[in-house]
Amino acid sequence: MRITAVETVPYRIPMRKPLAFASGAVDHIEHVLLRLHTDEGLTGCADIPPRPYTYGETLASVIAVIDGVFAEALLGADPLDRAGIHARLRRTVGNQTAKGGIDVALWDLVGQAAGVSVHRLLGGYCESLAVTHMLGFAPTEAVVDEALAFIDTHGVRSFKIKVGRRPVGVDVDLVTALREAVGPDVLLYLDANRGWTATEAAQMLAATTEADLRFFEEPDDAAEVLGRRRLVASSPIPIVADESAPDLGAAAREIHTGGASALSIKTARTGFTESGKILGFAEALGLDVLMGNQIDTQLGSIATVTFGAAFEHSSRYPAELSNFLDMADDLAAEPLRIVDGRVAAPTDPGVGTVVDEDKLAHYRID
Ligand code: MUC
Ligand code: MG
């Protein structure tokens, strides 16, 4: 099998409920649908979310690097030669979600060619994952209402709370109110997206000891190394590296230099291949792993559950799989469903990302 065409389609879908956090805000989805066509009539597909505030990529840069640089390594290649293709992609630094998307689309082809779901090809550990919902910035009452509605409507029992606002007391009050509203059995953790200093983050931890928080993601800027190390060493809960560990090398460096004590894995940026290496690294060191959300569409979330449910170590905690519900629509032909707080891994051959062509025609912006 050979790749005969590389298709990059930019599209735009508004958010039903915009999502704001310390490093940015999303009020519409502007993603790239990547499709790798082959001489055997199979098409590998992936959703690519440019996030300038996290990786420096834009809609235009994702398309430019794939069409102008990466296509050369893909055209004429056998999708089963993934390691060879990746060796060529690695010659270009950065461009994290463009590379992640290519890996997902290659695996989609491999799964379709084998007639097996990629979830099973990777490991097939469990059939579904429990869901964490990510709560963006809003007044306390609105955040509490959103969490209670997710518990009632979707059976979700885990929330990642976006924090990092000033003064710190605003978020202390939010977390306290949320714990009181949801009761003791719901899992709560924080993500400050580098919004605070290490000192402010330590104040937050000290002021919320009663709230039984489980993790604290990117409390401050990991590049301020000594502040971060002090925080990691003194924190009673794991400090999770997300944007400070966007690839395997960064994950290893952050853990070994004391910049983090747990890892977020996002298939949007490390695909399945590099995500697997990060997972093995974390497992060997006894580090907790969270399956993260890159403000993913249904197509992106399908990739997350495909990987997360494939391994024991990535399915220990609820995965961030629900923020597609903030979007007004999606390209997925079959809607992704949350049932009793869980999302099932696809069973069809490949990744299971089937695109609705009418919707693509409607939302494409090229
Ligand atoms: C998250 O976990 O940080 C917001 C920015 C980004 O890169 O991902 C989202 C969610
Ligand atoms: Mg994060």
Side-chain angles (χ1 to χ4, degrees), residues 15 17-32 47-59 61-62 94-101 131-138 143 146 158-165 171 187-196 201 204 213-223 228 231-232 237-247 250-251 254 259-270 275 278 288-297 300-301 303-304 308 314 317-327:
M15 294 288 273
K17 189 178 119 349
L19 188 75
F21 41 92
S23 60
V26 175
D27 55 18
H28 55 267
I29 285 297
E30 272 190 358
H31 289 188
V32 177
D47 194 47
I48 302 184
R51 297 283 173 258
Y53 34 79
T54 310
Y55 309 112
E57 293 170 288
T58 65
L59 196 74
S61 82
V62 166
N95 295 285
Q96 208 57 48
T97 66
K99 288 175 181 166
V131 171
T132 290
H133 182 61
M134 186 161 67
L135 297 160
F137 286 175
V143 178
E146 187 182 347
S158 173
F159 295 93
K160 174 159 101 173
I161 312 160
K162 288 297 195 186
V163 294
R165 295 175 293 182
D171 284 332
L187 192 145
L188 296 179
Y189 59 100
L190 307 180
D191 185 356
N193 286 109
R194 302 161 275 148
W196 282 325
M204 180 69 182
L213 300 169
R214 193 68 69 85
F215 300 102
F216 197 170
E217 191 167 304
E218 300 293 4
D220 62 332
D221 189 345
R228 175 60 82 91
L231 192 64
V232 171
I237 56 175
I239 300 294
V240 184
D242 173 10
E243 54 265 46
S244 60
D247 58 29
E254 285 306 310
S261 44
L263 292 168
S264 170
I265 292 185
K266 295 184 175 178
T267 51
R269 66 178 173 220
T270 40
S275 291
I278 295 171
D288 287 326
V289 154
L290 298 175
M291 288 308 301
N293 189 306
Q294 201 56 75
I295 313 169
D296 291 307
T297 59
S301 304
T304 301
S314 52
Y317 295 99
E320 298 165 12
L321 287 167
S322 58
N323 287 84
F324 65 83
L325 291 168
D326 296 335
M327 297 162 198

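The residues of the chain are indexed from 1 along the displayed sequence. Computed from a predicted model, the values in this text were never measured in an experiment. Indexing begins at 1, ligand by ligand and atom by atom, following the structure's order.
To the nearest 10 degrees, the angle centred on the Mg ion (ligand 2) between OD2 in D191 and OE2 in E217 reads 90°.
The D191 neighbourhood of ligand 1 comprises atoms 1 (C), 2 (O), 3 (O), with distances under 4.0 Å to a heavy atom of that residue. The T54 neighbourhood of ligand 1 comprises atoms 5 (C), 6 (C), 7 (O), with distances under 4.0 Å to a heavy atom of that residue.
Among protein heavy atoms, the minimum distance from atom 2 (O) of ligand 1 is reached at K160 NZ, 2.7 Å. In terms of protein heavy atoms, atom 7 (O) of ligand 1 is closest to Q294 NE2, 2.5 Å. Annotation: atom 5 (C) of ligand 1 to nearest protein heavy atom, F21 CE1, 3.5 Å.
Heavy-atom proximity to atom 3 (O) of ligand 1, evaluated over V240, N293, N193, is greatest for N193.
Applying the side-chain hydrogen bond (donor to acceptor under 3.5 Å, both in side chains) test between K266 and each of T304, T97, D242, N293 identifies D242 as the sole match.
Considering backbone and side-chain N/O of E243, none are found under 3.5 Å from N/O of ligand 1.
Salt bridge status for R194 with D221: absent, with no side-chain N to carboxylate O gap under 4.0 Å.
When side chains are defined from C-beta on, Y189 does not count as touching V240, because their heavy atoms never get closer than 4.5 Å. At a threshold of 4.5 Å between non-hydrogen side-chain atoms, the residues E243 and R51 do not count as touching.
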